Structure formats: C-alpha cells, structure tokens
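In what follows, a structure is listed as structure tokens, so that the remarks can point back to it.
Each residue takes its place number in the sequence, starting with 1. These figures come from a predicted structure and were not determined experimentally.
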Amino acid sequence: MQLLAIMLFTLSSLFSGNDGASIVFAGDAMQHKAQIDAAAKGGGVYDYSGCFDAIAPYVDAADYAVVNLETPLGGAPYTGYPCFSAPDSYADALVDAGFDLMLTANNHTLDKRDKGMVRTLDRLDEIRVDHIGTYRDHQERDSVIPFLRDINGFRVAFLNYTYGTNGIELRTPAVVDYIDRELIKKDIAKARELGAEIVTVCIHWGVEYDLLPSQSQKRLADFIVQSGADIIMGGHPHVIQPMEMRRGDDDRNVLVVYSLGNFISNMKTRDTRGGAIVKVDLSRDAEGKAVVKDAVYRLVFTVPPVAGGNFRLVPAERCDAPAWSANCKAFERSAEAVFNKHNIGVARDTADIPAKKMNQLEIFLYKTFGALQK
C-alpha cells in the first residue's frame with residue numbers, strides 16, 4: 001500500500017497541473033492573562049507547547065492558513081484584557097501550528113499604542129510570517145497592498161480592515177486599515193488589476209456576543225460582494241455567526257463568513273469558549289478560471305489547564321478532558337443550532353484529523369482520500 005501511495009503521489013505531482021488549492025481561516029487568537037500565566041516557565045520564558053497540537057495537522061495540511069492575531073507583541077510586561085501584550089513565543093507557536101498569514105487590523109492592535117504595533121510588525125518580520133492590516137507608514141502600505149500570494153498556482157489577494165481600535169488613535173505615521181467603503185472598493189479593484197484571481201477580504205466587524213450578523217454587517221457584506229470580492233471572512237464578535245455561499249452577479253461563488261468566533265482564548269461563556277475554522281477549496285472551471293469551489297467548517301474548543309500545562313485547542317468532536325466535555329458539548333450544540341438554521345451551502349467537515357503533522361506524502365493522501373491510508 002505504501003508503494004502504491006508513493007506512485008500515486010508522484011503521478012499526481014507530475015500531472016495534476018495545480019488544479020486545486022486549499023486555504024484555512026481561523027478566528028481570534030487571543031491571549032488573556034491566564035493563558036500567559038500558564039505558559040510562563042520562569043526566567044522570562046513562555047512556552048506554548050501543546051496549545052495547538054490537536055489542530056495543527058489540519059492547519060498545516062492546507063496550502064495556506066490565515067489567523068487573526070488579536071494581541072500586539074508589545075514586549076514585557078505581558079498583559080491580558082483590556083490592553084493585551086503577548087510574549088513573542090506566542091506568534092512562534094502559531095507559526096509552528098502551520099499559519100502563514102497573520103491579520104493585525106483589529107480593535108486591540110493599538111493596545112500598546114503605536115510603539116507596540118510597530119514592534120509587532122518587527123517581530124513578525126523576524127520570524128518571516130506574512131502579515132497585513134497595519135503598517136509602519138503609508139509608503140509601506142502602498143508597497144504591500146494589495147497583498148498577493150501564489151497558492152498552488154492560484155493568484156490570491158488578501159485584504160484586512162477593522163471597525164476601530166477601542167478609541168485609541170495613532171500618534172505617528174503608522175497606518176491601521178480601518179473599514180472605509182471607498183478604500184475597500186479601491187483595494188479590490190487594484191488587486192484585480194495586478195492579476196488577483198481570487199480576492200479575500202478579512203474584516204473585523206459586528207456586535208460582540210451576537211450569534212447573528214447585524215444589519216450593518218449584512219449591508220457591508222453586500223457592498224463588498226458587489227465590489228468584486230470572492231471571500232469575506234469576518235471576526236470580532238467572539239462567537240460564531242452564519243456562513244453563506246452566495247452566487248455573485250457573474251454567477252461565481254462568493255463565500256461570506258460573518259464571524260469565526262474565538263480561535264483560542266480564556267473567555268468563559270458557553271459560546272465564547274469555542275469557534276470555527278473554515279477550509280476553502282479553490283479550483284478552475286472548464287475555461288480555466290479560478291473559482292471558489294466549496295467551503296466547510298470545523299468547530300474547535302479551548303480546554304483550560306486541568307492539572308497544570310497550557311490551554312489547549314481541540315476539535316469540538318474530540319474533547320479529551322472529562323472536566324470540560326459537558327461545556328464543549330454545550331458549545332457544539334449552540335453553534336450547530338445556528339449553522340443548521342442559517343448556513344447556506346457550507347457544511348461541517350467530518351473528516352478525521354490526523355494525530356500529528358504530516359509529511360508531503362501524507363498530506364497528499366489526506367487530501368485525496370480524506371484520511372491517511374494504512
């Protein structure tokens with residue numbers, strides 16, 4: 001079986017023609033004080049080992065993965081709510097989990113003012129991870145946006161905007177991309193001019209803790225779709241909100257996800273302890289045009305330390321901490337009630353997640369067959 005798998009992998013690599021690509025999107029990666037304290041090992045060392053082990057194989061198997069970094073890397077002293085500043089090793093852990101792009105335009109990006117925001121950019125540059133949403137100045141923004149990446153042969157643009165920054169204003173030439181309809185429309189048009197086949201708008205919006213999108217979100221989503229986006233990926237409410245696979249004016253698929261909820265956090269209510277991860281598959285139609293083929297979601301749940309150790313993110317269907325299984329099931333039931341009633345064309349991903357990160361052959365088997373072959 002192993003020999004057959006190698007042959008299949010080799011043939012696929014030679015003749016597939018890059019006819020598909022997958023992108024994973026995760027929600028708000030928070031760092032509350034309890035999470036920081038759990039990671040503290042003394043001597044200024046913060047170790048996030050184990051936080052993402054259960055979900056990393058799923059993230060890493062995608063061709064590209066995106067997460068909202070909802071905390072500055074502002075340096076010590078490290079702080080939680082209401083003004084966040086996470087240890088640098090937190091970003092390292094997210095990269096190790098498989099994330100390729102970090103979104104920095106959110107309401108906490110200026111928690112440590114301009115200096116903390118710029119330090120965040122410096123640190124992300126040091127670890128060579130992609131990032132968008134905030135910039136050192138307008139010249140830098142103009143050199144970066146629209147942000148384009150070749151993902152397995154697909155030219156994909158990513159844009160990132162936030163509704164605000166908790167009333168904190170910039171005092172230097174630094175730039176935060178705030179929600180501005182004309183700016184969004186202009187950025188989408190420029191992305192198309194530069195050859196983007198798929199345009200993704202990641203947006204920080206909505207009303208905290210509301211499980212359904214506001215009228216304002218719906219109107220803005222309509223505008224962004226009409227402006228030419230293929231994917232809208234929302235965050236900020238700290239709870240999940242519905243997902244819609246729409247048909248655009250030119251009969252193309254357009255995915256709208258109003259809120260992914262929390263990726264990992266120490267928020268304590270039923271609906272804030274978990275969130276959703278969305279996997280988007282791209283393909284080409286009969287004429288070779290890039291299209292959003294389909295999208296599926298997974299539910300994830302944050303398990304607090306039971307007997308020491310770190311907070312851990314687990315698939316909701318696989319909560320392995322007896323003390324938290326009831327909480328996890330309650331979150332899962334609530335999320336599924338919303339999605340079953342309001343989702344349009346986006347179903348739950350029921351494929352098994354491998355127990356550990358995979359090599360290229362194993363990833364091929366996972367994508368091709370939905371599970372590793374024995």
Side-chain angles (χ1 to χ4, degrees), residues 8-25 58-59 61-66 100-101 130 132 145-160 184-203 221-234 242-258 260 276-298 339 343-351 360 363-370:
L8 285 170
F9 175 69
T10 302
L11 289 171
S12 174
S13 299
L14 289 172
F15 301 114
S16 64
N18 292 338
D19 58 353
S22 61
I23 308 174
V24 160
F25 295 89
Y58 189 78
V59 174
D63 294 306
Y64 200 73
V66 183
D100 304 288
L101 173 63
D130 294 340
I132 56 170
I145 298 300
F147 182 80
L148 291 127
R149 276 291 176 265
D150 186 307
I151 303 175
N152 202 30
F154 290 79
R155 191 74 165 156
V156 182
F158 296 89
L159 304 167
N160 179 211
I184 294 172
K185 184 175 182 179
K186 177 182 176 182
D187 287 344
I188 292 173
K190 186 176 179 182
R192 294 295 187 192
E193 290 172 8
L194 294 179
E197 298 180 283
I198 298 291
V199 176
T200 302
V201 176
C202 300
I203 192 159
D222 291 343
F223 173 82
I224 295 172
V225 171
Q226 292 163 7
S227 297
D230 300 282
I231 300 169
I232 300 173
M233 200 61 56
M243 310 168 180
E244 304 169 354
M245 187 67 82
R246 302 186 183 186
R247 299 297 288 179
D249 292 338
D250 56 357
D251 206 34
R252 76 190 194 283
N253 277 347
V254 180
L255 176 64
V256 178
V257 176
Y258 285 105
L260 291 168
I277 295 177
V278 168
K279 181 168 74 71
V280 181
D281 288 324
L282 308 180
S283 65
R284 297 193 180 277
D285 62 19
E287 298 177 351
K289 182 181 178 181
V291 295
V292 176
K293 180 182 179 182
D294 55 36
V296 291
Y297 70 87
R298 300 201 78 100
F339 289 152
N343 273 21
I344 300 172
V346 184
R348 188 167 180 175
D349 189 349
T350 57
Q360 289 302 309
I363 289 174
F364 164 73
L365 293 172
Y366 184 70
K367 289 182 176 180
T368 304
F369 301 107

If you measure from CD1 on Ile184 to OG on Ser227, what distance do you get to the nearest 0.5 Å? 8.0 Å

Val24 and Val278, any side-chain heavy atoms less than 4.5 Å apart: no

Hey, are Lys186 and Glu193 close enough for a salt bridge, meaning a charged N less than 4.0 Å from a carboxylate O? no

Side chains of Ile231 and Val199: does their closest heavy-atom pair fall under 4.5 Å? no

Ile132 side, atom CD1; Arg149 side, atom CZ - distance, nearest 0.5 Å: 10.0 Å

How long is the straight-line distance from CG of Asp281 back to CG of Asp63, given to the nearest 0.5 Å? 9.0 Å

Hey, is Asp230 close enough to Arg192 for a salt bridge, meaning N to O under 4.0 Å? yes

Which residue is it: Asn253, Val296, Val292, Ile198? I am looking for the one with a side-chain contact (heavy atoms from CB on, under 4.5 Å) to Val280. Val292

Between CD1 on residue Ile151 and CD on residue Glu197, distance to nearest 0.5 Å: 10.5 Å

Does the ring center of Phe158 lie less than 6.0 Å from the ring center of Tyr64? yes

Do Arg155 and Leu148 have side chains that approach each other closer than 4.5 Å (heavy atoms only, starting at C-beta)? yes

Is there a side-chain contact between Ile344 and Met245, using heavy atoms and a 4.5 Å cut-off? no

At what distance, to the nearest 0.5 angstrom, does CG of Leu159 lie from CD1 of Ile188? 6.5 Å

Worked check of side-chain contact (heavy atoms from CB on, under 4.5 Å) between Asp130 and Val66: CA-CA 9 Å; Asp130 294 340; Val66 183; over 6 Å; no

Please determine if Lys185 and Asp187 form a salt bridge, counting it only when a charged side-chain N lies under 4.0 Å from a carboxylate O. no

Nearest heavy-atom contact between Ser22 and Ala62 is OG-CA, 3.4 Å

Heavy-atom check, side chain of Pro146 versus side chain of Leu194, under 4.5 Å: yes

Does a side-chain heavy-atom distance below 4.5 Å link Lys279 with Tyr58? yes

Trace of the side-chain contact (heavy atoms from CB on, under 4.5 Å) decision for Val225 with Val256: CA-CA 9 Å; Val225 171; Val256 178; 4.1 Å; yes

Taking Asp349 first and then Arg298, would you say they form a salt bridge - that is, a charged N and a carboxylate O separated by under 4.0 Å? yes

Kindly confirm or rule out a cation-pi arrangement of Arg284 over Phe154, judged by NZ or CZ under 6.0 Å from the six-membered ring centre and within 45° of its axis? yes

Side chain proximity check, Val156 to Thr200, heavy atoms < 4.5 angstrom: yes

Is the shortest distance from a Lys or Arg side-chain nitrogen in Asp222 or Arg246 to a carboxylate oxygen in the other one below 4.0 Å? yes

How long is the gap from CG on Asp294 to OG on Ser283, to the nearest 0.5 Å? 8.0 Å

Looking only at heavy atoms, what is the nearest atom pair of Ala221 and Ile232, with distance? O-CD1, 3.7 Å

Taking the side chain as C-beta and beyond, is there a heavy-atom pair between Met243 and Tyr297 under 4.5 Å? yes

So, the side chain of Asn152 versus the backbone of Gly20: is there a donor-acceptor pair under 3.5 Å, distance only? yes

Go through the steps to decide whether Leu260 and Met233 satisfy the test side-chain contact (heavy atoms from CB on, under 4.5 Å), and finish with yes or no. CA-CA 8 Å; Leu260 291 168; Met233 200 61 56; 3.8 Å; yes

